[in-house]
Amino acid sequence: MLNHDLELRFCKARRGAIAREFSHLNPEQQKAALTTEGPLLLLAGAGSGKTTVLIHRVANLMKYGRGSDSTEVPEWVTEDDLTFLEEYVRTGAGDKARQERLCALDPAAPWTILAITFTNKAAGELKDRLARMLGPAANDIWASTFHSACVRILRRDIEKLGFASSFTIYDTDDSLRVVKDILKDLGIDDKQFPPRSVLGYISRAKDAMKLADQYLAECERSGDFRLTKIAKIYAEYQRRLWEASALDFDDIIFHTVRLLQQFDEVREFYQRKFRYVLIDEYQDTNNLQYLLASTLAGGYENFCVVGDDDQSIYRFRGATIENILSFEKQYKGCRVIRLEENYRSTKHILEASNAVIRNNQGRKGKELWTKAGEGDKLTLYAAMNENDEAQYVAARILEGYSQGRKWKDHAILYRMNAQSNQIENACKRNGIPYRIIGGTRFFDRAEVKDMVAYLAVLNNPEDDLRLTRIINNPPRGIGAKTIETAQEIARREESSLYAVIDNARMYPELERSAAKLAGFTALMGELAGLLDELPLDQFYEELILRTGYATMLESKNTVEDRTRLENVRELLTSIHGYLENAGEEPSLAGFLDEIALYTDLDSHDPDQDCVVMMTMHSAKGLEFPVVFVVGAEEGIFPGIRAIGETEEMEEERRLCYVAMTRAKEKLYLTCANQRMLFGRTSSNRPSRFVEEIPPEHLERLGRSCLPNLGGGEEGWSGMPSRSSGYGGYGSYQRPTYGGGRSAQAGQGGSRTDRDPRPQPSYGGFVRAMSGAGGGATGSARTRQPLASSPVGAGAPGGGGSLPAFQKGDTVRHKAFGQGMVLSVQKMGGDALLEIAFDQVGTKRLMLKSAAAHMEKL
DNA sequence: CACTAGGGTGGACAT
DNA sequence: CACCCTAGTG
């Protein structure tokens, strides 16, 4: 028992002793790790070691509980203990076990800690790092995304809200489909009410916690015709989801919040359970997510949020900066800690980024600083067109590679997925191994969605949407008319579509198709039987066969259908991945949950040596030594929609800030004088963001500013520029599902569009890449450069020996005719040839790709 | 009534 | 490029 003064001294010493364990952190980081009680706002700038802090904070909670942040002193503490601890703080010497015993005050059990992130990948990373630091106990920490945490809560208790606990999750495409169907059924013009925008209204209504009828009432009161119509669509949308036992992404959180608000026992259960609640990327939360988090934290109010207002880039999704800007108001007396030292980037990069973001109003205001050196200036390359731009990026990567960098040290960031195509082609041409993250996801492919739809209907027969997707796919002679009549009956009888077609003979209207419908339900019944008997993977193989899906694809036997079949089979890999990772009892429902919430980014495997291409949005939270930000033009970035809209513009600027601060050592920005996108050519000025970078940090380069070097009018583009279509979100192939949270699982299977087999390669790296990990689980979207096949032909032996072309050689090219080699310039494992053709003028070609079409005379 | 082929059109960012 | 709608045939 100590007196008051001694108690104070004890607390100080206890904190000091604990702090010793975190002495490798800077003072602010330490403070963040040691502040455990009450609401805490952690403003963490880009690259300020935020994740490290989070991990140490959790470690502290589990080891010392409230020890570092409490004025409470256990009764059994003696003066001798105090002396010991003060001595320990001074010297770090002494009985470690005694120190730990003295410092610990209610250590937190792992399952009382809830840490929420935005992506599965971030959650997985958090778990991995915690497991490394804390051992297996870390597995019991609830580290997950908003959505998976909610699904977990809902599966337990959603029946209280009237939903079946086997509910289905609809993705954005599914939601869109439902809205389109509604517009059609209600005879509403989809030009006046674009489905996407309607979904936006619905989403915002849910974010404001408004149920359909309430929203409708409000809209009617306002007298706004348009809004009233939208509200009616919302009501119908919700009705259909209800009928189908389906939840969309917003519902997952919306219903969880409702559940917690309406049922005291559920809320109290979780409020008692979670002693500590942490939210990462707080600037990206919307109102619902805020409500959810603050409700869950409502028991102990040990609510720690981490974020950076300058990195808020999901306003379009309902994220509100207000959440972070007003956290202090909502939690009176909350503590605020700022992390402003950047450990990631060089001075040039950091100061340029600061200069850009400084143009935004309405920020909390912070300046990152670094002890790092100046580094290289940023480079702006003004290209002639998108091909020139892509070629420039490829050339810089080859240069970097030849100077000893890894491919994976390079990242290419763009505003829209559609921009990836030209860059992709340039990588193919130059033999650069690359990987595209995002874009058309594996689970978005039609054939994969079809198979998932079968599984979904088996899991939940009320899922009308998925049912209509597969009922006549493969064709079974059940047409639109039959489905429509059956749907009318279902509505009339207030039963599900499946129930109607299952009893088709009872309805005279369906008499003609009854036999066909019975055939379908017999198939489904048979499959449902198999599902009980077989393990999931074997069942799936049966599914492919018995539905006739495989036969359908095989019979057509076109290239596309072969790839489709591959994709259908590839889903089996995902199932295996799930079976291996699913802890307790794997189930169809569990598998469907996991893939519904799975994103492409989650499969990004940093160990694979590939250049990474992705949108700036996807890049958040990642870092790379060399970063290319392409398409830095007015109208592209900032996008056309943002020009003239202050708020939108600020969001674009924050996006720019995020993109720039991904770079550790070298940052390139590129723009093109002319660009073809979606088949149209446009001419844009360089982005205003580039102009906001002070000249002392920026070096400007550009062919358009230099004398005409090559002579060729089209810049460097030796390749016919329309060879493979522009728009499009990437014709792409076989990504796979890496399986759950183990980001380190061996990922390998890399394939090309045309040929699913591993291709012969000219350099060791591609082979190494495709062979890594046995290709068992496969990586999301690894591609081998297509160039490998032509080069294989052109370079006998396939090794490093390049076909020999020298300055002065006369050559004949299949497309360009006869010409003379003007120069040969080595670049990475390739070389750039400058050739003066008799007919078409001077062209620059990459040796490896040109070799296949060219012979020496 | 089911199915296929052909033409027109409209496209961010993502859980 | 992927979608939706239309026209025409089995």
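Order of the sequence lines fixes the chain letters, A, B, ..., with proteins taken first and strands second; residue numbering starts at 1 for each chain.
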Student: Output the rounded distance in Å from NZ (A/Lys180) to P (C/dC3).
Tutor: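 Those two atoms, NZ and P, are 8 Å apart.
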Student: Output, in order, the C-alpha distance, side-chain angles, deciding distance and verdict of ring-ring contact (aromatic ring centres under 6.0 Å, His included) for A/Phe637 and A/Phe689.
Tutor: CA-CA 9 Å; A/Phe637 183 46; A/Phe689 304 144; 5.3 Å; yes
Student: Would you please confirm or rule out a distance under 4.0 Å between OP1 or OP2 of B/dC1 and any side-chain N or O of A/Thr482?
Tutor: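 Answer is no, no contact under 4.0 Å.
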Student: Taking ring-ring contact (aromatic ring centres under 6.0 Å, His included) as the definition, give me every residue that meets it alongside A/Phe628, ordered by chain and number, with sequence neighbours left out.
Tutor: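 Counting only residues at least two positions away or on another chain, A/Phe628 forms a ring-ring contact (aromatic ring centres under 6.0 Å, His included) with A/Tyr668.
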Student: Nearest whole Å is fine: how far is C/dA2 C1' from A/Asn421 CG?
Tutor: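 To the nearest whole Å, that distance equals 14 Å.
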Student: Tell me whether the centres of the aromatic rings in A/Tyr201 and A/Tyr234 are closer together than 6.0 Å.
Tutor: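 They do not qualify: ring centres at least 6.0 Å apart.
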Student: By a 5.5 angstrom centroid cut-off and a 30 degree plane limit, is there stacking between A/Phe316 and B/dC13?
Tutor: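 Yes, the aromatic ring of A/Phe316 stacks with the base.
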Student: Using whole Å, what does the distance between atom C1' of nucleotide B/dA14 and atom OH of A/Tyr414 come to?
Tutor: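 Going from A/Tyr414 (OH) to B/dA14 (C1'), I get 14 Å.
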Student: Does A/Asn472 place a side-chain N or O at less than 4.0 Å from the phosphate oxygens OP1/OP2 of B/dC3?
Tutor: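 Yes, A/Asn472 has a side-chain N/O under 4.0 Å of OP1/OP2 on B/dC3.
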Student: Quick check on B/dT15: is either OP1 or OP2 less than 4.0 Å from any side-chain nitrogen or oxygen of A/Thr119?
Tutor: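 So the side-chain polar atoms of A/Thr119 never come under 4.0 Å of the phosphate oxygens OP1 or OP2 of B/dT15.
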Student: What is the distance, rounded to the nearest whole Å, between atom CG of A/Asp174 and atom P of B/dA14?
Tutor: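 One finds 18 Å between P of B/dA14 and CG of A/Asp174, rounded.
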Student: Which one, B/dA12, B/dT15, C/dC5, comes nearest to the side chain of A/Lys184?
Tutor: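 Given the options B/dA12, B/dT15, C/dC5, the side chain of A/Lys184 is closest to C/dC5.
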Student: Is A/Gly639 touching bases, backbone alone, or none of the nucleic acid, heavy atoms closer than 4.0 Å?
Tutor: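 Contact class for A/Gly639: none.
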Student: Report the distance from atom NZ of A/Lys191 to atom P of C/dC5, rounded to the nearest whole Å.
Tutor: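 Rounding to the nearest Å, NZ of A/Lys191 and P of C/dC5 are 9 Å apart.
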Student: 5'-most contact on DNA chain B: A/Glu651 or A/Gly477, nearest heavy atom basis?
Tutor: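 Between the two, 5'-proximity favours A/Gly477.
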Student: With distance as the sole criterion, do the side chain of A/Arg317 and the base of B/dC13 form a donor-acceptor contact below 3.5 Å?
Tutor: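 Flag unset: no donor-acceptor pair detected.
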Student: Could you check whether A/Ala596 gets within reach of a base, just the sugar-phosphate, or nothing at all, counting any heavy atom under 4.0 Å?
Tutor: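 Result for A/Ala596 = nothing.
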Student: Are the ring centres of A/Phe316 and A/His617 closer than 6.0 Å?
Tutor: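 Ring centres of A/His617 and A/Phe316 closer than 6.0 Å.
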Student: Do A/Gln419 and A/Ile636 have side-chain heavy atoms sitting under 4.5 Å apart?
Tutor: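 In short, these two side chains touch, coming nearer than 4.5 Å.
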Student: In whole angstroms, how far is the C1' atom of B/dT15 from the CG atom of A/Asn120?
Tutor: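 Result: 9 Å.
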Student: For B/dC13, does OP1 or OP2 lie under 4.0 Å from any side-chain N or O of A/Asn417?
Tutor: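 The answer is yes; a side-chain N or O of A/Asn417 sits under 4.0 Å from OP1 or OP2.
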Student: Classify the angle between the aromatic ring planes of A/Phe163 and A/His255 as parallel (below 30°), tilted (30 to 60°) or perpendicular (above 60°).
Tutor: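 Ring orientation of A/Phe163 relative to A/His255: tilted.
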Student: Measuring to OP1 and OP2 of B/dA2, would you say a side-chain N or O of A/Lys481 lies under 4.0 angstrom away?
Tutor: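 Answer is no, no contact under 4.0 Å.
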Student: Can you tell me if the side-chain N/O atoms of A/Arg177 get under 4.0 Å from OP1 or OP2 in C/dC4?
Tutor: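 For A/Arg177, the contact criterion (side-chain N or O under 4.0 Å from OP1 or OP2 of C/dC4) is met.
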Student: Touch check for A/Phe146, heavy atoms < 4.0 angstrom, all strands: base, sugar-phosphate only, or nothing?
Tutor: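 The answer is nothing, as A/Phe146 stays clear of every strand by at least 4.0 Å.
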Student: Which sits closer to the 5' end of DNA chain B, A/Ser513 or A/Glu652, going by the nucleotide each is nearest to?
Tutor: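 Taking each residue's closest nucleotide, the earlier one in sequence belongs to A/Ser513.
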Student: Could you tell me the separation between the CD atom of A/Gln419 and the P atom of B/dG11, rounded to a whole number of Å?
Tutor: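 My rounded result for the distance is 17 Å.
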Student: Nearest-Å distance, CE (A/Met416) to P (C/dC1)?
Tutor: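 From A/Met416 CE to C/dC1 P: 18 Å.
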